[in-house]
Amino acid sequence: MARESSFNKKSRIVLIIVLGLFSIGQLFPLVWLVDFSLCKSGDVYGANILKIPNPPQFINYYLAWRDGKIPQYFINSIIVNIVSVLLVVLFSLMMGYAFVRMEWKWSNKVLTYVLLGLMIPIHATLLPNFVIFRQLNMLDSYFALIIPYVAFSLPQAVFLMTGFIGSIPRALEESAIIDGCGIFRILFQIILPLSKPALVTVTVTTFLNTWNEFIMAATYLTSDKFRTLPFSVYNFAGQYASNYAVQFAVMTIVALPSLIVYIALNEQVTKGVTLGAVKG
Amino acid sequence: MHKVLSDKRTILLLVLPGLLIYTFAILFPIILSVYLGMTDWSGIGRPNFIGLENFKKIIFTDTTFWKSLRNAILLALAYVFVQHPIALAFAILIDKVGGRAEKIFRTIFFIPCVIPVVVTSRMWVSLYDPQYGLINKILDFLRLGFLKQQWLGDMKTALISVIIICMWQGFGWALLIYYAGLKGIPEELYEAARIDGATGVKLYTKITVPLLKPVIKVNFTIAIIYALKQMETVYLTTNGGPGDASQFLANYLYIRAFNSYQYGYANAISVLFVIACLAVNILFQKIFKPENYEF
């Protein structure tokens, strides 16, 4: 790489050490959390900043799993997220195509209307949506989360998809149309495979946003039945108020899925974040 | 060709599902909120229309509303003047380190941003705990024990403590956006400057920072909007307290609606909140025109 050639080995090592120290600093709270999740609960009161768990208290994780209702909440999170992400991907692909390639008078106006959603903070819809969902008997259901999750993910997804579809050369579609293909075959057999990089970005960013979402879930769900994973952490403060180790174990478990998805797909997340950054 | 692409029924089929769900869950509620904001509704029973009464009350007599706005501005200033210079410096360092290390560090610094806010917020509640928290332990360790505090529970330190959490959570975001901006600066410009005799820090002040200007603008605006929208962290740590020391707009309207059952009043705050966000956004679009980005 060009940038490395002008840069000697010694100062690179110094740089790595500096960055290493700072990233340890940035991650230290998480290390502390995981460390004490493996200790006995009272250990956290000691003077030590970190403590070697001896022996590691895996029972904390068992209690967290069982009493944090992790399996139940996890399944709810999976259902809500898979449906939301699939709908966002499908709708943004369809809308992206209609806005970029189809010929209709209102195209630009409707696109502007959808992109307006980028400016609206979710918190402003919490109160009215609560009233609407209550009126429609929709509170406390998967729909009460899926609908707003899809709605709020769409503007950014449409923004990404219109940008991407616009960059696909028209030649393939033109010949397909001459061969007599309908729009839906073009959309799903030509555009869909070509849009894979954009769709992966949409998938990952939507997933991380909705998976970690808490305020809407806290507002629209009133019973335990449909609650999502973040509630494991939230509920625990009462039952295990003084058992910090188990609380920390719950937090570690809840943090893991996002962390795994991020590490596995970090290129796509990085793209999603930097592209999303220009959304305004 | 034209016939296929302008078929009205197909267009409707493609656009309608998304459009309906978006209108139902975002636009319609906002309009409803404008109406509810003009009532004295408590959340049950029938709403009474009272016109702009709530808005007058909020703007002229509600000190918590203004304090929430002030706190958001303080958070925005902390982002822009504390978090961003550090994030930019580290983005430059990461860009410079190259090779595998570059990717690893980029990944590490973003980790706090992908962890659910419920976890990071609760974690910070523990870190700040006066009895067992890491912060006080570190102060003890550094022989600065006299600085020990009840961080989140004290009027004097609650806001700054919440601001520190927010800066920690968002650091990776700011860094990543600067980093992406740096990647867009062509290497030839540096080469040319080096031939002209520029070295070290000069290279950065004369080339990197000026060329990064659009990215800096975007990043600043994102930070300001983020500060304005702040809710989750504050809800999960201090809930605005003690008193209204660390209150933020979104959290405040939530409390008014669900703790004090002033639904109409809360909706009025919500409307002002949307207006503030729109204003910042429009200002931002005036300053910065979008460019084309490639995958």
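Sequence lines set the chain letters: A, B, ... in the order given, protein chains first and strands last, and positions in each chain run from 1.
Ranked by heavy-atom pairs under 4.5 Å with chain B, the first of A:Arg134, A:Glu267, A:Met102, A:Glu213 is A:Met102. When each of B:Leu32, B:Ile11, B:Val15 is scored by its heavy-atom pairs under 4.5 Å with chain A, the top score falls to B:Ile11. For chain B, the option among A:Leu126, A:Val131, A:Val18 with the highest count of heavy-atom pairs below 4.5 Å is A:Val131. For the options A:Phe133, A:Phe99, A:Phe152, A:Tyr244, heavy-atom pairs under 4.5 Å to chain B are most numerous at A:Tyr244. When the candidates A:Leu87, A:Leu127, A:Ile186 are compared by the number of heavy-atom contacts under 4.5 Å with chain B, A:Leu127 comes out ahead. Ranked by heavy-atom pairs under 4.5 Å with chain B, the first of A:Leu208, A:Val88, A:Ile132, A:Leu93 is A:Ile132. By number of non-hydrogen pairs under 4.5 angstrom with chain A, the leading residue of B:Gly172, B:Pro116, B:Ala266 is B:Pro116. Chain A forms the most heavy-atom pairs under 4.5 Å with one residue out of B:Leu278, B:Ile108, B:Ile31, B:Thr107, and that residue is B:Thr107. Of the listed residues (B:Leu127, B:Leu16, B:Thr10), the one with the most heavy-atom contacts under 4.5 Å to chain A is B:Leu127. Chain A forms more heavy-atom pairs under 4.5 Å with one residue of B:Asn251, B:Asn267, B:Val114, B:Asn136 than with any other, namely B:Val114.
Of the two parts of A:Leu30, the backbone and the side chain both hold a non-hydrogen atom closer than 4.5 Å to a non-hydrogen atom of chain B. Heavy-atom distances place no part of B:Leu249 under 4.5 Å from chain A, backbone and side chain included. With a 4.5 angstrom heavy-atom cutoff, B:Asp140 does not touch chain A via any of its atoms. Using a 4.5 Å cut-off between heavy atoms, B:Leu236 touches chain A through its side chain atoms alone. In this structure, chain B has a heavy atom under 4.5 Å from the side chain of A:Val269, while its backbone stays farther away. Neither the backbone nor the side chain of B:Thr120 comes within contact range of chain A; no heavy atom of the residue lies under 4.5 Å from a heavy atom of that chain. Looking at A:Thr219, the atoms closer than 4.5 Å to chain B (heavy atoms on both sides) sit in the backbone and in the side chain alike. A:Tyr113 touches chain B through backbone and side chain together, each having a heavy atom under 4.5 Å away. Both the backbone and the side chain of A:Leu116 come within contact range of chain B, each with at least one heavy atom under 4.5 Å from a heavy atom of that chain. When heavy atoms are compared at a cutoff of 4.5 Å, A:Leu154 approaches chain B solely by way of its side chain, counted from C-beta outward. Both the backbone and the side chain of B:Thr23 have a heavy atom closer than 4.5 Å to some heavy atom of chain A. Heavy atoms of A:Phe28 lying under 4.5 Å from chain B belong exclusively to its side chain. Contact of A:Ser167 with chain B is not made at all, since no heavy-atom distance falls under 4.5 Å. Residue contact with chain B, scored on non-hydrogen atoms closer than 4.5 Å, involves the side chain of A:Pro155 exclusively. Contacts of B:Thr221 with chain A are absent, with no heavy-atom separation under 4.5 Å from either backbone or side chain. With a threshold of 4.5 angstrom between heavy atoms, A:Leu90 does not approach chain B through any atom at all. Heavy atoms closer than 4.5 Å to chain B are found in the side chain of A:Leu33, but not in its backbone. Contacts of A:Asn48 with chain B are made by backbone atoms alone, with heavy-atom separations under 4.5 Å and no side-chain atom involved. For a residue to count as touching a neighbouring chain, one of its non-hydrogen atoms must lie under 4.5 Å from one of that chain's; by this rule B:Leu19 touches chain A with backbone and side chain alike. For a residue to count as touching a neighbouring chain, one of its non-hydrogen atoms must lie under 4.5 Å from one of that chain's; by this rule B:Ile86 touches chain A with the side chain only. Proximity to chain A (any heavy atom under 4.5 Å) is restricted, for B:Asp7, to the backbone atoms N, CA, C and O. Looking at A:Leu136, only its side chain comes within 4.5 Å of chain B, counting heavy atoms on both sides. Residue contact with chain A, scored on non-hydrogen atoms closer than 4.5 Å, involves the backbone and the side chain of B:Phe109 alike. When heavy atoms are compared at a cutoff of 4.5 Å, B:Phe24 approaches chain A by way of both its backbone and its side chain.
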Checking side-chain contact (heavy atoms from CB on, under 4.5 Å) for the pair A:Gln26/B:Ile111: CA distance, chi angles, key distance, verdict? CA-CA 9 Å; A:Gln26 176 80 351; B:Ile111 283 177; over 6 Å; no
Would B:Asp129 and A:Tyr45 count as a side-chain contact (heavy atoms from CB on, under 4.5 Å) here? Give the steps. CA-CA 10 Å; B:Asp129 190 280; A:Tyr45 287 103; 5.6 Å; no
Kindly indicate, with the supporting measurements, whether the criterion side-chain contact (heavy atoms from CB on, under 4.5 Å) is fulfilled by B:Leu13 and A:Ile183. CA-CA 11 Å; B:Leu13 224 59; A:Ile183 290 293; over 6 Å; no
Step by step, would you call A:Phe231 with B:Val118 a side-chain contact (heavy atoms from CB on, under 4.5 Å)? CA-CA 8 Å; A:Phe231 280 93; B:Val118 175; over 6 Å; no
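The minimum heavy-atom distance between A:Pro29 and B:Met123, with the atom names listed, is CB-CE, 3.4 Å. Minimum interatomic distance between B:Leu253 and A:His123 (heavy atoms only, all atoms of both residues): CD1-O, 4.2 Å. Contact record, A:Ile215 with B:Tyr254: O-OH, 4.3 Å, taken as the closest heavy-atom pair. When all heavy atoms of B:Ala101 and A:Arg12 are compared, the closest pair comes out as CB-NH2, 4.0 Å. Contact detail for B:Arg106 and A:Asn266: the closest heavy-atom pair is NH2-OD1, 3.1 Å.
Residue B:Ile44 places its CD1 atom among 12 or fewer non-hydrogen atoms of other residues, nucleotides or ligands, all under 6.0 Å distant. For A:Phe184, the CZ atom sits in a packed shell: over 12 heavy atoms of surrounding residues, nucleotides or ligands are nearer than 6.0 Å. Shown here is A:Phe143, whose CZ atom has no more than 12 heavy atoms of other residues, nucleotides or ligands within 6.0 Å. The neighbour count for B:Phe141 CZ, taken as heavy atoms of other residues, nucleotides or ligands under 6.0 Å away, does not exceed 12.
Taking the ring centroids of A:Phe36 and B:Tyr132, they lie at or beyond the 6.0 Å cut-off.
Between A:Phe22 and B:Phe171, the ring-plane angle classifies as tilted under the 30° and 60° cut-offs. In this structure, A:Tyr262 and B:Phe110 have tilted ring planes: the angle between them lies in the 30° to 60° band.
Side-chain atoms of B:Lys8 do not come within 3.5 Å of backbone N or O of A:Trp104 as any donor-acceptor pair. Side-chain atoms of A:Tyr234 never come within 3.5 Å of backbone atoms of B:Arg122 as a donor-acceptor pair (strictly under, hydrogens ignored). In this structure, the side chain of B:Ser270 engages the main chain of A:Ala124 through a donor-acceptor pair within 3.5 Å. Of the possible polar contacts, one joining the B:Tyr22 side chain to the A:Val114 backbone as a donor-acceptor pair under 3.5 Å is found. Listed for the A:Asn212 side chain is no donor-acceptor partner under 3.5 Å among the backbone atoms of B:Val117.
How far CZ of B:Arg100 is from CD1 of A:Ile16: 11.0 Å, rounded to the nearest 0.5 Å. With rounding to the nearest 0.5 angstrom, the CG atom of A:Asn129 is 10.0 Å from the OG atom of B:Ser33.
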